[in-house]
Each structure stands twice: as structure tokens, then as C-alpha cells.
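First up is the structure itself, then whatever we jot down about it.
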Amino acid sequence: MEDRDIHLRKLEHILICNHCEVEYRKDTLFNAVELIHRGVPNCNLEEIDTTTDLFGKKLEAPLIVTGITGGHPKAKEINRNIAEAVEELNLGMGVGSQRAGILDSSVEDTYRVVRDYDIPLVIGNLGAVNFIEDRWNEETIERAIEMIDGDAMAIHFNPLQEAIQPEGDTNFKGVDILKDIISNYKRKYRDIPFIAKEVGEGFSREDAITLREIGFDGIDVAGSGGTSWAMVEYYRIKDREFREFSKRFLDWGIPTAVSLLYVKDVFPGTIIASGGIRSGIDMAKSIALGAHCCGVALPVLRAALRGSREVVKVLERMIRELKT
């Protein structure tokens with residue numbers, strides 16, 4: 001029953017993100033950041049090199065597609081289209097939460113499809129709450145990494161989404177158990193980087209200190225201003241009273257630009273800016289604020305539903321804007 005429910009939920013998330021208004025009504029606050037124009041640039045636009053090193057992997061630009069989907073047959077096509085595009089452009093990508101694949105091996109192929117492509121950086125995705133609620137451990141991480149032949153693992157923190165989700169898991173008490181789990185995994189299996197990833201509400205300074213102490217190698221701030229997962233879950237709520245309650249949290253979160261500033265001063269590892277990154281200008285501002293790389297999801301999801309060439313167009317435009 002749980003397997004069927006999670007498969008349906010994955011499909012609902014795809015449909016809601018494609019057809020409904022799911023972005024924050026407040027912005028990332030990148031509009032408050034002005035980049036200094038250079039009237040005498042002394043460079044050739046066509047010779048600008050955007051290549052970057054992320055976790056020891058060379059990417060053609062500081063841009064990855066962050067985790068989107070998996071766990072439903074439709075997700076296989078989406079992940080295939082994204083993988084084909086990032087292979088062509090030599091960028092990185094993450095898959096959506098792999099919980100569905102961990103619970104039901106019949107949908108592993110919706111994630112495993114990325115193994116068919118030569119992608120320089122593939123990032124796995126598991127939920128922090130499941131290490132508490134489901135007693136997941138380093139063996140679970142290894143299964144998820146093997147599923148996609150992953151190069152890194154993102155552990156996502158989504159307390160607001162879980163609070164709004166009708167069937168959400170809301171016990172995040174004791175996340176410090178991740179310290180031993182990450183350490184044990186690196187000792188027993190492989191020394192891959194671990195990324196703490198928010199899903200749209202951003203991390204605070206205090207969060208970054210905690211994540212540093214746990215032992216994360218990177219932080220994906222995923223601040224507010226892009227997709228609101230509280231809003232995504234709001235569309236799924238059937239109970240009228242709970243819908244009214246949930247409305248108050250649809251714009252909750254730390255704007256991406258602010259979260260970057262909170263994190264960069266206390267976290268010594270790699271910082272990824274995501275959450276409302278919609279252009280190369282957003283990328284440039286993120287890098288100016290301290291990010292090493294940027295991540296994009298919703299525009300890629302919508303493009304991937306139309307095919308890999310549409311994904312290439314979205315990503316190429318962003319890279320061209322960054323160079324400009």
C-alpha cells in the first residue's frame with residue numbers, strides 16, 4: 001500500500017509542478033544585488049571559459065540540474081531527457097528522492113536510467129528524516145549510490161514540506177545521527193562528498209554550523225524564491241480546514257540570496273546556490289555572493305517533459321547569459 005501511495009505521490013508532484021503555479025510569490029532577493037558593469041572588459045566573449053571543478057569533477061559551467069524526480073514510470077522519461085542533455089553539455093545532475101526506489105525495486109530503473117549516460121557528476125538523493133523514522137544507515141546510502149553509479153550524495157532537509165504533506169514524516173529530532181552514518185559510510189564504502197540540501201526554504205547560519213559539525217562536504221542552500229514545496233503539497237490537501245492552515249506557510253522561507261550570505265561565513269565547504277535560479281544573471285549574482293556552483297530544477301522539469309532538446313536550450317541559454 002505504501003509503495004503504491006508513494007508512486008502516485010511522485011506523479012502528482014510532476015503534474016502539479018508542470019501545470020500549477022508553484023513558485024513563491026516573494027522573490028529570491030537577487031533583485032537587491034547589483035553587479036558592477038565593466039565598460040572596458042578587455043576580453044573576448046567567445047573566449048570566456050566557464051569550466052569549473054565541483055567535488056573533483058570538471059564541468060563546462062558552474063551549473064547542475066538538482067534532484068527532480070524518480071519513482072514513477074513517467075519519471076524515467078524525464079530523467080532520461082535530463083541525462084541526455086547534461087551529457088551533451090558536460091554538466092552535473094541529481095536525481096529526485098530515491099526513497100521510492102529503496103522501498104520498491106520495481107521502480108529503480110526510473111533512477112538507474114542515468115547510468116546509460118556519460119555524466120561527469122551524478123548526485124544521489126535521500127531524505128534526512130528517513131534516517132530517523134526508517135532507521136536508514138550507511139547500507140541504505142550504498143544501495144542508493146549503486147542504483148545510479150553516483151559520485152556524491154545529497155541528504156535533503158524538508159521539514160516544512162513534510163509538515164504540509166498529508167502523509168508527511170515530521171520527526172527531524174536527532175539528525176546528529178548522520179554524523180556517524182556519514183563517517184561510517186566513508187570508511188566502509190567510498191569517500192564521496194555528502195551535500196546537505198534544503199528543498200526551497202533555505203538554510204540559516206545556525207543550520208550551516210550544525211551541518212558543518214555533522215560533517216557535510218557541501219551545502220545546497222535551496223532558498224525561497226523558486227519552487228515552494230509547501231505550495232505543491234497544498235494542492236494535494238483534501239481537508240478544507242488543513243488547506244486554510246497551510247495557506248499561511250506558502251511563502252515561508254529564507255530568500256536564496258540571504259541564505260547564501262548566512263552560510264558562506266560559517267561553512268568552509270562547497271556551496272551550491274539553488275532556489276529560484278532562473279538565468280545566467282542569477283548565477284553570476286550567486287557566485288558573487290559566495291556560491292561555487294548553481295542548481296536549477298523547475299525550468300528543467302518543464303522542459304524535460306517536452307524532450308531533451310528543450311532541456312539543452314534552457315541550460316545553454318543560462319550559460320550564455322552567465323558569460324555575457
Would you call E321 and R278 a salt bridge, using N to O less than 4.0 angstrom? no

Quick one: do the N44 and E46 side chains pair a donor with an acceptor below 3.5 Å? no

Could you walk me through whether Y235 and E21 pass the side-chain hydrogen bond (donor to acceptor under 3.5 Å, both in side chains) check? CA-CA 10 Å; Y235 287 112; E21 178 51 62; over 6 Å; no

Check this for me, if you would: do D251 and R25 make a salt bridge, where the nitrogen-to-carboxylate-oxygen distance has to be below 4.0 angstrom? yes

Taking the six-membered ring for Trp, is the centroid-to-centroid distance between F194 and Y185 below 6.0 Å? yes

Got a donor-acceptor contact below 3.5 angstrom from the H292 side chain to the I271 backbone? yes

CG (N184) and CZ (R187) are apart, to the nearest 0.5 Å, by 4.5 Å

Is the closest basic N to carboxylate O distance between E142 and K188 below 4.0 Å? no

Of L178, T270, T210, the residue whose pairing with F216 passes side chain to side chain contact (heavy atoms under 4.5 Å, CB included): L178

With a 4.0 Å cut-off on N to O distance, would you call E12 and R9 a salt bridge? no

Does D265 come within less than 4.0 Å of R205, counting only side-chain N to carboxylate O? no

Give the minimum heavy-atom separation between A75 and T69, together with the two atoms involved. CB-OG1, 3.5 Å

Looking only at the side chains, is there a donor atom on one of E88 and Y117 sitting less than 3.5 Å from an acceptor on the other? no

To the nearest 0.5 Å, tell me how far T170 OG1 sits from I164 CD1. 11.0 Å

Can a salt bridge be assigned to the pair E77 and R80 using a cut-off of 4.0 Å between side-chain N and carboxylate O? no

Which heavy atom of I182 sits nearest a heavy atom of G215, and at what distance? CG2-O, 4.4 Å

Which pair of non-hydrogen atoms, one from P255 and one from T28, has the smallest distance, and what is that distance? CB-O, 3.4 Å

Can you label the angle between the F245 ring and the F249 ring as parallel, tilted or perpendicular, going by 30° and 60°? tilted

Which distance, rounded to the nearest 0.5 Å, do you find between the CG of L160 and the CD of E198? 8.0 Å

d(C20 SG, L15 CG) to nearest 0.5 Å is 8.5 Å

Distance from D176 atom CG to L211 atom CG, nearest 0.5 Å? 11.5 Å

Is it true that a side-chain atom of Q98 and a backbone atom of L126 form a donor plus acceptor pair closer than 3.5 Å? no

Salt bridge or not between R115 and E146? Use side-chain N to carboxylate O under 4.0 Å. yes

Search all heavy atoms of F203 against all heavy atoms of A196 and return the closest pair with its distance. CE1-O, 3.6 Å

Strictly below 4.0 Å, N to O, side chains only: are E241 and K247 in salt-bridge contact? no

W252 to S224 - nearest heavy-atom pair and separation: O-CB, 4.3 Å

Among I64, I68, L63, find the residue that satisfies the side chain to side chain contact (heavy atoms under 4.5 Å, CB included) test when tested with V296. L63

Find the distance between CG (N90) and CG (D118) and round it off to the nearest 0.5 Å. 8.0 Å

Looking at every heavy atom in both I102 and A144, which two are closest together, and how far apart are they? CD1-N, 4.2 Å

Evaluate side-chain hydrogen bond (donor to acceptor under 3.5 Å, both in side chains) for D180 paired with S183, printing each intermediate quantity in order. CA-CA 5 Å; D180 286 340; S183 176; 5.8 Å; no

